[in-house]
2 protein chains.
Amino acid sequence: MDNESAKVKIEDALGKETIVMFARCEVYYSGRAESFLAEGDRIIIIKQDRTLLIHQPKNSMPINYMKEETEYTITTDNKELRIKARNKKYKEDLEVIIRKMYFLKSKNLEDNQRLIIKGTERDMADMIMNNPKLISKEFKPLSREEHTKYGFIDVFGYDSKGNLIVIETKRYVGDLKAVSQLRRYVERIKAAKGIKNVKGILACPRITPNAEKMLHDFGFEYKRVLPPKYLENERRKQKKIFEFKK
Amino acid sequence: MDNESAKVKIEDALGKETIVMFARCEVYYSGRAESFLAEGDRIIIIKQDRTLLIHQPKNSMPINYMKEETEYTITTDNKELRIKARNKKYKEDLEVIIRKMYFLKSKNLEDNQRLIIKGTERDMADMIMNNPKLISKEFKPLSREEHTKYGFIDVFGYDSKGNLIVIETKRYVGDLKAVSQLRRYVERIKAAKGIKNVKGILACPRITPNAEKMLHDFGFEYKRVLPPKYLENERRKQKKIFEFKK
DNA sequence: GGGGAGAGATGCCGC
DNA sequence: GCGGCATTTCTCCCC
């Protein structure tokens, strides 16, 4: 395909059809950072919302990209096709210099579906609210997403001894960051209420050794809790996979 | 294209060529979480390293995906083409049920280039190491990436009054997390060295109000520092963009 | 729009 | 492999 035809095709499709190209190109980016990618073969996608994605033939992340509502200027001569992309909102500029267009295709795609997802940290906190015994027999939950100046508490409550309880949940591994987060909330609650009997609990399936050490240094507790999806997996181990489908 | 031909094309290209499809499909995923995506038009990509990407016609993130080294099983009948993807390492499964294959293309792409990038947090810390006056006239840097049990310190040093200095850098906005991080390091240094005269400095272009409050609560300092790329931008404001293109 | 935090985060580096 | 952490993070929610 010659450069002039490619230019026309892209301009006609922009904002109406999703465009996919295989092309040999180099890429310049300037915005939140600055980057340069030397010549190589890539997949270039311009979506219907004017999102730009440039993918190398390996790895899952795009090597360069621009967000939705980007403006495009296409220029061409005998040797090159240049796609200049500018996003005013994010103050970003990107230029693709295409040295060889192997292939270009565009099509209007219709898709208004949203992903339905289960097994998130939110589900985990909800599970604890609904079944506080997962933390302990004494735990009484009060609220979810309690707002403090120093952030939001996942689950907030008290126990039979009159202690306030701050719970931070993690769906996978509790790490140093999670302990820091918990500490911030516990101290904020102590300061805000002017009391000292506030306990911190980190609820997650696993914890790193350093995080556990730090947790104990500050007098907090680790409570092993599995996210809801694992429980479901337990229940249907004998059943076949994907049975959750709707 | 009939399902049987598509199946053969995909099987032939797998691991050798990058495959791009426009297809009407639904998607099931089970692994770290579980998800379902009802029928719609999407771009499906299988890269040469067996990475799978499914993109809707809007937004920059893939709606579903599988990592490199995924194994594929393609099955078909008159009505559907099913792509079953399994990743043993990450214990993830995904299934794409294609109801309409609009288009399929594959090609071997050659690309061994790596992105050259400037203006990262690492560059910012390096800049402070090389030009400590950006922090203050008294600051003397000692090391980058100093390791402690509670994490790595971006820039570590001392001042003319004999205080140790811990600097945490952020390339954009300093937030509560950044202050927590700084605090962790300062306390760790105090504990490890058994001393009290350790100062914490958060070096970044901007800081959130709550973070600034927390910073002052703990006796730390905010030092406004711009990442190197902004400085370069200043220098070449009159020049045309993309001149950095090395 | 800013602030705060999760994400099927991913990717990088170090041990 | 795990740990710790930045990311052109992105996305969502709430004020």
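In what follows, chains are A, B, ... by sequence order, proteins preceding strands, each numbered from 1. Predicted, not measured: the structure shown is a model, and the values here were computed from it.
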message = What's the gap between dA6(D) and dA7(C) when it is taken at their C1' atoms, as a whole Å value?
response = 15 Å
query = Should Gln181(A) be listed as having a side-chain N or O under 4.0 Å from OP1 or OP2 of dG6(C)?
reply = yes
request  = Would you tell me if any nitrogen or oxygen in the side chain of Tyr172(B) comes within less than 4.0 Å of OP1 or OP2 on dT7(D)?
outcome  = no
note = Separation of dG1(C) atom P from Arg206(B) atom CZ, nearest Å, is 13 Å
Distance in Å, Arg224(A) CZ paired with Ile207(A) CD1, rounded so as to fall on 0.5 Å steps = 12.0 Å
ask   = For dA7(C), does OP1 or OP2 lie under 4.0 Å from any side-chain N or O of Arg32(B)?
value = no
key: Reported CD1-to-CG distance for the pair Ile97(A) and Leu37(A), which is rounded to 0.5 angstrom   = 11.5 Å
query = Starting at the 5' end of DNA chain D and moving along, which residue's nearest nucleotide shows up first, Gly119(B) or Arg122(A)?
reply = Gly119(B)
d(OH, Tyr28(A); P, dT8(D)) in whole Å = 19 Å
ask   = Taking the same atom, P, in dG11(C) and in dT11(D), what whole-Å distance lies between them?
value = 16 Å
note = Assert: residue with more 5' nearest nucleotide on DNA chain C, out of Asp175(B) and Glu121(A), is Asp175(B)
Pair assignment for dC12(C), Watson-Crick or G-U wobble, requiring both distances under 3.5 Å = dG4(D)
message = For Tyr150(B), does the six-membered ring have the charged nitrogen or CZ of Arg184(B) within the cation-pi criterion, i.e. under 6.0 angstrom from the centroid and within 45° of the normal?
response = no
remark   = Between Ile44(A) and the options Leu53(A), Ile98(A), Ile19(A), Val20(A), the side-chain contact (heavy atoms from CB on, under 4.5 Å) test singles out Ile98(A)
task = May I ask you to check whether over 12 heavy atoms, not counting those of Asn112(A), lie within 6.0 Å of atom CG?
result = no
message = Whole angstroms only, please: what is the CG-P distance between Leu53(A) and dC10(D)?
response = 11 Å
request  = Answer yes or no: does a side-chain N or O of Lys177(B) lie under 4.0 Å from OP1 or OP2 of dA5(C)?
outcome  = no
inquiry  = Suppose you measure atom P in dT8(D) against the same atom in dA5(C); what distance do you get, rounded to whole Å?
reply    = 22 Å
query = Does Ser60(A) have a side-chain nitrogen or oxygen under 4.0 Å from the phosphate oxygens OP1 or OP2 of dG11(C)?
reply = yes
remark   = Only residue of Gln56(A), Glu39(A), Arg24(A) satisfying side-chain contact (heavy atoms from CB on, under 4.5 Å) with Asp111(B) is Gln56(A)
ask   = If you pin Ile117(B) and His147(A) to their nearest nucleotides in DNA chain D, which one's is more 5'?
value = Ile117(B)
Of the listed nucleotides dT8(D), dG6(C), dA6(D), the one nearest the side chain of Asp154(A) = dG6(C)
ask   = Of the nucleotides dG3(C), dG4(C), dG3(D), which one has an atom closest to the side chain of Leu176(B)?
value = dG4(C)
inquiry  = Counting the atoms with a prime plus P, OP1 and OP2 as sugar-phosphate, which does Ile63(A) contact under 4.0 Å by heavy atoms, base, sugar-phosphate, or nothing?
reply    = base
inquiry  = At 4.0 Å (heavy atoms only), tell me whether Leu115(B) reaches a base, stays on the sugar-phosphate, or touches nothing.
reply    = base
task = Check whether any side-chain nitrogen or oxygen of Ser30(A) sits under 4.0 Å from OP1 or OP2 of dT8(D), and answer yes or no.
result = no
task = Tell me whether Tyr65(A) is stacked on the nucleobase of dT8(D), counting only the six-membered base ring and applying the 5.5 Å and 30° thresholds.
result = yes
task = Could you tell me whether Lys89(B) contacts a base, only the sugar-phosphate backbone, or nothing, with contacts defined as non-hydrogen atoms closer than 4.0 Å?
result = sugar-phosphate
request  = Would you mind reading off the distance between Arg171(B) atom CZ and dT7(D) atom P, rounded to a whole angstrom?
outcome  = 6 Å
query = Rounded to the Å, how far apart are Asn87(A) CG and dT8(D) C1'?
reply = 11 Å
ask   = Is the phosphate of dT9(D), meaning OP1 or OP2, less than 4.0 Å from a side-chain N or O of Thr120(B)?
value = no
remark   = Of Glu92(B) and Tyr185(A), the one whose nearest nucleotide on DNA chain C sits closer to the 5' end is Tyr185(A)
ask   = Contact class for Asn210(B) vs. all strands (heavy atom < 4.0 Å): base, sugar-phosphate, or nothing?
value = sugar-phosphate
query = Can you tell me how far OG1 of Thr18(B) sits from NZ of Lys58(A), rounded to the nearest 0.5 angstrom?
reply = 10.0 Å
note = Looking only at dG6(C), dT8(D), dA6(D), the nucleotide nearest the Lys170(B) side chain is dA6(D)
Out of dG11(C), dG3(D), dG3(C), whichever nucleotide has its closest atom nearest the side chain of Pro209(A) = dG3(D)
query = When only distance counts, do a donor and an acceptor, one from the side chain of Asn59(B) and one from the base of dT11(D), lie under 3.5 Å apart?
reply = no
query = Under the criteria of a ring-centre distance below 5.5 Å and an interplanar angle below 30°, is Tyr29(B) stacked with the base of dG8(C)?
reply = yes
key: Separation of dC14(D) C1' from Glu146(A) CD (nearest whole Å)   = 14 Å
key: Phosphate OP1/OP2 of dC13(C): any Arg144(B) side-chain N/O under 4.0 Å   = no
ask   = Atom NZ of Lys213(A) to atom P of dC2(D): distance rounded to whole Å?
value = 23 Å
inquiry  = Regarding Arg114(B), tell me which of base, sugar-phosphate or nothing describes its non-hydrogen contacts under 4.0 Å with the strands shown.
reply    = nothing
ask   = Is it true that the NZ or CZ of Lys67(A) lies under 6.0 Å from the centre of Tyr90(A)'s six-membered ring and within 45 degrees of the ring axis?
value = yes
request  = Rounded to the nearest angstrom, tell me the gap between atom NZ in Lys118(B) and atom P in dT8(D).
outcome  = 15 Å
request  = Examine dT8(D): is either OP1 or OP2 under 4.0 Å from a nitrogen or oxygen in the side chain of Lys67(A)? Give yes or no.
outcome  = no
task = Give one of base, sugar-phosphate or nothing for Glu68(B), where a contact means two heavy atoms less than 4.0 Å apart.
result = nothing
query = Which part of the nucleic acid, if any, lies within contact of Tyr90(A), taking any heavy atom under 4.0 Å across all strands shown: a base, the sugar-phosphate backbone alone, or nothing?
reply = nothing
